[in-house]
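Written below as structure tokens is the structure these notes are about.
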Amino acid sequence: MKLLVCISNVPDTTTKVKFVDDNKKFDETGVQWVINPWDELSLTRALEMKDDPASGIKTVTIAHVGSATAEPTIRKALAIGADDAIRVNAVPADAYYVASQLAEVVRTEKFDLVMCGIESSDHNGSLVGGMLAELLDFPSVSAVSYLKIENGQAIINREIDGGKEIVSVPFPFVAIVQKGIAKEPRIAAMRGIMMARTKPIKVVEPVNIESFTEVTGFEMPKPRAACRFIDAENVKQLIEVLQNEAKVI
Amino acid sequence: MSVLVYTENWDGKFKKLSFELVSYASKVAEMLNTTATALSIGNVEEAELQKLGNFGVKKIIHARIDGLNILDNQAYTKTIADIATKEGATVLVLSNNNTGKALAPRLSVRLKAGIGSGVGKLPLGVDPFVVYKRAYSGNAFAHLTIKTPIRILTLAQNSFGLIEKNAGAALENLSVQVDGTLVKTTVKEVQKLTGKILLTDADIVVSGGRGMKSPDNWGPLVELADLLGAATACSRPVSDEGWRGHEEHTGQTGKIIAPILYIAIGISGATQHLAGVSSSKYIVAVNTDKDAPIFEAAQFGIVGDAQKVLPKLVEAVKEMKAR
Ligand SMILES: Cc1cc2nc3c(=O)[nH]c(=O)nc-3n(C[C@H](O)[C@H](O)[C@H](O)COP(=O)(O)OP(=O)(O)OC[C@H]3O[C@@H](n4cnc5c(N)ncnc54)[C@H](O)[C@@H]3O)c2cc1C
């Protein structure tokens with residue numbers, strides 16, 4: 001069984017977000033790039049499953065659509081334990097563009113299971129996994145908080161509003177994973193970092209795809225009014241303000 | 001041309017979010033000088049379906065997929081896409097909840113329709129079609145131009161509100177056949193949380209962080225929530241430690257919520273936490289550290305110890321209710 005983990009390269013979650021070019025472009029100056037948090041958990045679960053021989057997983061491959069500047073992030077994923085990586089050498093224009101490139105990768109390399117994170121922390125789209133599945137005509141399960149492969153069968157928890165369902169779909173499929181899929185992201189050990197240096201990163205050229213959407217500008221959130229402090233000895237006043245001024249309780 | 005809005009049901013019932021979606025779709029339709037149609041799939045009684053008509057839609061399509069009573073992404077995608085095509089929909093509206101996230105991207109590919117996901121207000125313009133959406137986990141908003149002739153919008157819950165308008169909706173019943181081989185999902189078990197106000201639905205949320213000190217200290221927080229009819233939530237370390245269930249974890253990697261009132265007790269207000277709650281209308285913070293970043297996001301704050309402040313809040317709410 002061949003598993004593919006799709007990885008997005010995003011600004012570290014503590015980045016002070018700024019824009020340049022008349023608020024049209026994200027300011028990359030000084031930004032630390034990391035594996036998208038959900039993808040990091042996804043990779044962790046993929047490797048945990050591979051550690052279990054009963055899963056039948058032989059390889060865990062990373063796929064990323066992006067320029068060569070993302071190589072440190074890909075190397076990090078390899079250091080954490082992925083076997084090899086494929087980078088589609090293109091600037092990710094939008095979710096549809098990225099999903100179309102990944103679909104080509106899956107068609108060429110024939111993966112049995114594809115894992116995507118439920119969201120990327122930069123564009124907050126929640127789109128690539130579902131689009132990829134539709135492009136490939138694969139089943140997809142979204143909001144996956146648990147995944148296990150046993151006797152060639154996938155056991156999946158999918159979160160629903162107010163609970164969860166235990167579901168199954170046949171291979172090949174796309175699992176769109178969220179919180180709960182792994183407890184803590186796996187950390188690269190020294191040995192992993194050494195080994196990652198020689199693991200292969202295959203670079204492929206993109207297929208020609210027209211994007212559906214385009215970001216034409218950014219805005220910063222409106223600054224909130226300064227906090228009004230209420231004395232800890234006079235807690236009642238808070239309730240009064242919430243009831244009579246804000247009228248929210 | 002029309003706007004089609006998919007309204008999910010929960011055991012045959014709609015929720016506030018369904019009516020919010022319909023309100024939103026009706027307003028988008030007005031911007032396009034057209035009308036909105038609501039689509040419901042599954043078993044819903046007529047009286048319940050008619051409720052959708054109170055929020056501006058002109059037509060309600062009630063489709064039943066023969067032999068299907070679970071969410072199968074492929075069967076639902078095909079059904080919704082076929083109906084959208086038949087209706088000549090140029091805009092499709094879904095919720096940005098788990099179901100919307102499962103279906104919208106598949107619909108996008110099938111209908112060759114660009115998506116604005118997690119939108120929180122009406123499009124900024126319709127020609128070109130530009131939407132305003134969350135970006136960088138709430139640290140910014142993007143103007144996204146959708147270039148395709150059909151567009152899909154997924155609405156962030158609690159971001160728009162309800163707009164009542166009775167447009168005299170007509171009800172149409174449809175029976176849909178899907179090829180059995182298309183359905184690939186088997187549901188083996190359903191586990192529901194019962195008797196709890198759902199975090200994503202709640203107007204008021206009371207949330208605890210590591211400053212609560214121990215899982216044994218949650219009593220007064222839960223009591224406060226009960227008195228206010230609020231849902232309970234927590235920061236990530238609290239759910240990671242197992243002090244509270246994972247379904248309560250709020251923030252960038254947990255649930256993204258937008259209640260009217262968010263009360264944060266003993267939460268420092270890390271960027272990743274605020275990413276999930278910054279769309280709340282009001283934030284109230286209780287924290288021992290007057291320099292905690294949560295106070296930068298809050299409108300009202302109390303500098304104080306959670307264990308001392310919480311019982312007083314409970315008392316004050318009881319007094320308010322007794323008045
Ligand atoms: C990739 C990534 C994703 C993340 N995603 C999330 C997420 O989704 N959600 C999330 O919450 N976090 C997330 N985090 C973690 C986040 O960075 C913070 O570590 C976390 O939010 C802190 O939780 P806290 O506020 O409960 O705890 P702390 O930061 O420890 O803060 C506790 C607060 O309690 C106050 N306090 C202490 N004692 C008392 C008392 N007796 N009474 C009142 N106040 C008191 C302290 O002053 C302090 O401000 C993420 C981190 C990373 C790296």
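Residue numbers begin at 1 in each chain, while the letters A, B, ... track the order of the sequences.
When all heavy atoms are compared, the tightest approach of B:Val109 to A:Leu135 is CG1-CD2, 3.7 Å. The two residues B:Ala142 and A:Val215 have their closest heavy-atom pair at CB-CG1, 4.2 Å. When every heavy atom of B:Asp240 is checked against every heavy atom of A:Lys183, the shortest pair comes out as O-NZ, 3.0 Å. The minimum heavy-atom distance linking A:Ser126 with B:Pro105 is given by the pair O-CG, 3.9 Å. Among all heavy-atom pairs drawn from B:Leu71 and A:Arg158, the shortest one is O-NH2, 2.8 Å.
The candidate from B:Lys101, B:Lys133, B:Arg236, B:Lys281 with the greatest count of non-hydrogen atom pairs under 4.5 Å with chain A is B:Lys101. When the candidates A:Ala143, A:Gly162, A:Ala225 are compared by the number of heavy-atom contacts under 4.5 Å with chain B, A:Gly162 comes out ahead. Taking A:Glu159, A:Met220, A:Gln237, A:Glu184 one by one and counting their heavy-atom pairs under 4.5 Å with chain B, the maximum is reached by A:Glu159. Most heavy-atom pairs under 4.5 Å with chain A, from the set B:Leu228, B:Leu103, B:Val303, B:Asn98: that is B:Asn98. Among A:Ile156, A:Asp137, A:Asp94, A:Val141, the residue making the largest number of heavy-atom pairs under 4.5 Å with chain B is A:Asp137. With chain B as the partner, the residue from A:Ala226, A:Ala133, A:Gly180 showing the most heavy-atom pairs under 4.5 Å is A:Ala133. Highest contact tally toward chain A, considering only B:Ser137, B:Ala102, B:Ala275, is held by B:Ser137 [criterion: heavy-atom pairs under 4.5 Å]. Of all the listed residues (A:Ser142, A:Pro139, A:Pro223), the one sharing the greatest number of non-hydrogen pairs under 4.5 Å with chain B is A:Pro139. Interface summary for chain B: among A:Gly117, A:Gly130, A:Ala95, A:Gly163, the most heavy-atom pairs under 4.5 angstrom belong to A:Gly130. Counting heavy-atom pairs closer than 4.5 Å to chain A, the top residue among B:Val309, B:Thr154, B:Ile115 is B:Ile115. Taking B:Thr253, B:Leu261, B:Ile283, B:Ile260 one by one and counting their heavy-atom pairs under 4.5 Å with chain A, the maximum is reached by B:Thr253. When each of B:Lys290, B:Lys192, B:Gln299 is checked for heavy-atom pairs under 4.5 Å with chain A, B:Gln299 comes out on top.
With respect to A:Glu119 and B:Arg134, a salt bridge is recorded, a charged nitrogen being found less than 4.0 Å from a carboxylate O. A salt bridge does not link A:Lys164 with B:Glu247: every distance from a Lys NZ or Arg NE/NH1/NH2 to an Asp or Glu carboxylate oxygen is 4.0 Å or more. Ion pairing between B:Glu296 and A:Arg224 fails under the 4.0 Å rule for side-chain N and carboxylate O.
In this structure, chain A has no heavy atom under 4.5 Å from any part of B:Ala230. For B:Ala298, the parts sitting under 4.5 Å from any heavy atom of chain A are the backbone and the side chain alike. Neither the backbone nor the side chain of B:Phe129 comes within less than 4.5 Å of any heavy atom in chain A. For B:Val284, the part lying near chain A is the side chain, with the backbone staying farther off; criterion is any non-hydrogen pair under 4.5 Å. Using a 4.5 Å cut-off between heavy atoms, A:Val248 touches chain B through backbone and side chain atoms alike. Only the side chain of B:Ile204 comes within contact range of chain A, judged by heavy atoms closer than 4.5 Å. Heavy atoms closer than 4.5 Å to chain A are found nowhere in B:Asp305, neither backbone nor side chain. Proximity to chain A is limited to the side chain of B:Asn97, based on heavy atoms less than 4.5 angstrom apart. Both the backbone and the side chain of B:Leu313 come within contact range of chain A, each with at least one heavy atom under 4.5 Å from a heavy atom of that chain. Proximity to chain A is absent for every atom of B:Thr99, based on heavy atoms less than 4.5 angstrom apart.
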| Verdict with reasoning, B:Asn139 to A:Lys16, per side-chain contact (heavy atoms from CB on, under 4.5 Å) | CA-CA 8 Å; B:Asn139 288 310; A:Lys16 276 262 168 270; over 6 Å; no

| task | Start with the C-alpha distance between B:Lys147 and A:Ser211, add both sets of side-chain angles, then the distance that settles side chain to side chain donor-acceptor pair (under 3.5 Å), and finish with yes or no. | result | CA-CA 8 Å; B:Lys147 302 184 285 186; A:Ser211 72; 2.9 Å; yes

| Trace of the side-chain contact (heavy atoms from CB on, under 4.5 Å) decision for B:Lys112 with A:Phe212 | CA-CA 8 Å; B:Lys112 301 238 165 304; A:Phe212 284 170; 4.3 Å; yes

| message | Let's go through B:Glu315 and A:Lys236 carefully: what are the C-alpha distance in whole Å and the side-chain angles of both, what is the deciding distance for salt bridge (Lys or Arg N to Asp or Glu O under 4.0 Å) to 0.1 Å, and is it a yes or a no? | response | CA-CA 8 Å; B:Glu315 275 322 300; A:Lys236 235 191 256 179; over 6 Å; no

| request: Test side-chain contact (heavy atoms from CB on, under 4.5 Å) on A:Leu127 and B:Ser117 and set out the steps. | output: CA-CA 8 Å; A:Leu127 298 173; B:Ser117 53; 4.1 Å; yes

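Between A:Phe173 atom CZ and B:Asn73 atom CG the span is 12.0 Å, to the nearest 0.5 Å. Note that CE of B:Met320 and CD1 of A:Ile239 are 6.5 Å apart. Values are rounded to the nearest 0.5 Å. For the atom pair CG of A:Asn234 and NZ of B:Lys312, the computed distance is 9.0 Å after rounding to the nearest 0.5 Å. Between the NZ atom in A:Lys179 and the NE2 atom in B:His246 there is a gap of 5.0 Å [rounded to 0.5 Å]. To the nearest 0.5 Å, the span separating CD1 on B:Ile263 from CG on A:Leu238 amounts to 7.0 Å. Atom CZ of B:Phe300 is separated from atom CZ of A:Arg228 by 5.0 Å, given to the nearest 0.5 angstrom.
Counting heavy atoms from C-beta outward, B:Lys188 and A:Ile155 have side chains that stay 4.5 Å or more apart. Between B:Leu144 and A:His123, every side-chain heavy-atom pair lies at or beyond the 4.5 Å cut-off. The closest side-chain heavy-atom distance from B:Lys255 to A:Gln178 is not below 4.5 Å.
Atom NZ of B:Lys196 sits in a crowded spot, with more than 12 heavy atoms from other residues, nucleotides or ligands closer than 6.0 Å. In the displayed structure, B:Asp11 atom CG is contacted under 6.0 Å by at most 12 heavy atoms of other residues, nucleotides or ligands. Within a 6.0 Å sphere centred on CD1 of B:Ile70, other residues, nucleotides and ligands contribute more than 12 heavy atoms.
Below 4.5 Å, heavy atoms of chain B meet heavy atoms from A:Pro37, A:Trp38, all part of residues 33-43 of chain A.
Here the rule is side chain to side chain contact (heavy atoms under 4.5 Å, CB included) with A:Ser140, and of B:Gln74, B:Arg106, B:Lys184 only B:Arg106 fits it.
Side chain of A:Asn124 to backbone of B:Tyr136: a donor-acceptor contact under 3.5 angstrom is found.
Side-chain polar atoms of B:Thr271 and A:Thr14 form no donor-acceptor pair below 3.5 angstrom. Residues B:Thr145 and A:Glu214 bring no donor and acceptor atom of their side chains to less than 3.5 Å of each other.
Ring-centre distance between A:Phe229 and B:Phe295: below the 6.0 Å cut-off.
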